[in-house]
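Quick notes on the structure that follows.
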Amino acid sequence: MRTAAEHLGDRLKRIPDGEVGERFHWIVFQADRLGQADGIERVGDTPIPLRMLDMRPVRIADGVRAQDLVLPPLGYADAALESYAVFSRLQREGVIPVGTRFQVSLPTPLGVVGSFVRAQDREAFEPVYERALAGELDRILDGVPHEELAIQWDAALEFAMLEGLTGFTGERYEWFDDVWAGTSERLARQIDRVPADVEVGVHLCYGDVAEKHFVEPSDTGNLVRFANLVTGAAHRPLTWLHLPVPIERDDDAYFAPLAELGLPAETELYLGLVHREDGAEGAARRIRAATRSVPRRFGVATECGFGRAPEGTTVPLFEAHRAVAAAW
């Protein structure tokens with residue numbers, strides 16, 4: 001937070017706390033959290049290690065009803081409240097500019113359920129996890145002043161579903177028939193959980209394992225279609241939308257579908273076109289291409305934040321952002 005404020009303080013409306021501790025690889029730590037609940041078992045006898053985490057999925061134990069499960073704390077509220085105390089202190093000290101909001105990034109329930117719950121248990125387990133995550137959100141809303149808070153929903157597995165991918169077992173991720181309606185309506189429901197006096201944004205994601213997407217989008221067509229469905233289904237306005245731009249895409253064809261993006265004028269658009277490999281020069285090239293198809297102002301970002309970038313690349317990426325971004 002201190003580094004972000006130092007390098008980009010006048011260009012940031014919101015600052016998150018990053019993916020630190022057990023959250024270092026997005027939602028993987030949720031498998032260990034869920035595995036602590038009575039009535040939930042891990043799938044397989046051998047742990048699948050990722051540093052301190054076990055990536056094995058979970059299943060509902062035989063004879064246990066999903067509605068009887070009581071999940072342990074998921075970790076998101078505890079982390080957010082601890083980080084907000086740091087954020088608030090830095091703001092009082094003048095390190096973070098007044099008016100900058102504290103951002104909390106949360107996964108969609110679909111992402112966790114589709115990634116770490118056995119396929120035949122997903123439909124029954126979804127409402128259990130959704131209630132638990134809603135409880136985490138409520139604790140955050142109770143602990144952080146609303147005028148200082150921004151919530152971001154990270155939608156990644158949604159695009160694995162929309163692109164027709166399957167898991168390592170060969171089974172489809174989704175447990176519902178209409179993939180476009182099922183994914184977009186679920187995300188709209190999460191957006192509507194955030195009160196009107198709290199900002200809410202959406203990060204559309206094609207994955208970021210070893211800085212690689214699980215599939216490269218052929219253009220922004222599916223991103224635009226999904227975003228339009230989500231904003232049409234949500235009852236409250238969306239504060240911002242972020243979508244990725246692959247490093248090799250500085251062509252008109254990639255950006256052309258953005259002309260059909262139906263965001264209201266007050267919703268901020270961020271294009272994830274800053275890459276560490278070609279820095280400000282590459283970002284400027286992609287900005288020029290995007291401008292030919294996007295009839296509105298937009299902000300810039302990386303494709304998927306900074307979570308999986310190599311150590312030591314954060315400050316150079318901040319400098320690339322600063323070189324191509326206008327101050328707010």
Side-chain touch [X]/[Y], heavy atoms, less than 4.5 angstrom:
| X | Y | value |
| --- | --- | --- |
| Arg33 | Tyr76 | no |
| Phe125 | Arg118 | no |
| His7 | Arg322 | no |

Contact summary for [X] and [Y], nearest pair of heavy atoms:
| X | Y | result |
| --- | --- | --- |
| Tyr173 | Gly114 | CD2-O, 3.5 Å |
| Val28 | Met55 | CG1-CG, 3.6 Å |
| Gln30 | Val112 | CB-CG1, 4.0 Å |

Is it the case that more than 12 heavy atoms not belonging to [X] sit under 6.0 Å from its [atom1] atom?
| X | atom1 | value |
| --- | --- | --- |
| Asp177 | CG | no |
| Asp38 | CG | no |
| Gln36 | CD | yes |
| Arg236 | CZ | yes |

Indicate yes or no: does [X] engage [Y] in a salt bridge with an N to O separation below 4.0 Å.
| X | Y | answer |
| --- | --- | --- |
| Glu268 | Arg14 | yes |
| Asp252 | Arg292 | yes |
| Arg189 | Glu130 | yes |
| Arg56 | Asp45 | no |

_Within the 6.0 Å centroid threshold, strictly below: Phe214 and Phe159_ =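 Ring-ring flag for Phe214/Phe159: false, centres at least 6.0 Å apart.
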*Only one of Thr183, Asn222, Thr108 passes side-chain hydrogen bond (donor to acceptor under 3.5 Å, both in side chains) with Glu158; say which it is.*
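So the option named by the test is Thr108.
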*Taking the inter-plane angle between the rings of Tyr84 and Phe87 on a 0 to 90° scale, is it parallel (under 30°), tilted (30 to 60°) or perpendicular (over 60°)?*
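It falls in the parallel class, under 30°.
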*asked:* So, taking the atom named OG1 in Thr220 and the one named CZ in Phe255, what distance separates them when rounded to the nearest 0.5 Å?
replied: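 Spacing of OG1 (Thr220) from CZ (Phe255) equals 8.0 Å.
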*Quick one: CZ on Arg285 to CG on Asp250, what's the gap to the nearest 0.5 Å?*
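With rounding to 0.5 Å, CZ (Arg285) is 4.5 Å from CG (Asp250).
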*Exam field: side chain Asp32 to backbone Leu53, donor-acceptor pair closer than 3.5 Å*: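 Between the backbone of Leu53 and the side chain of Asp32 there is no qualifying donor-acceptor contact (under 3.5 Å).
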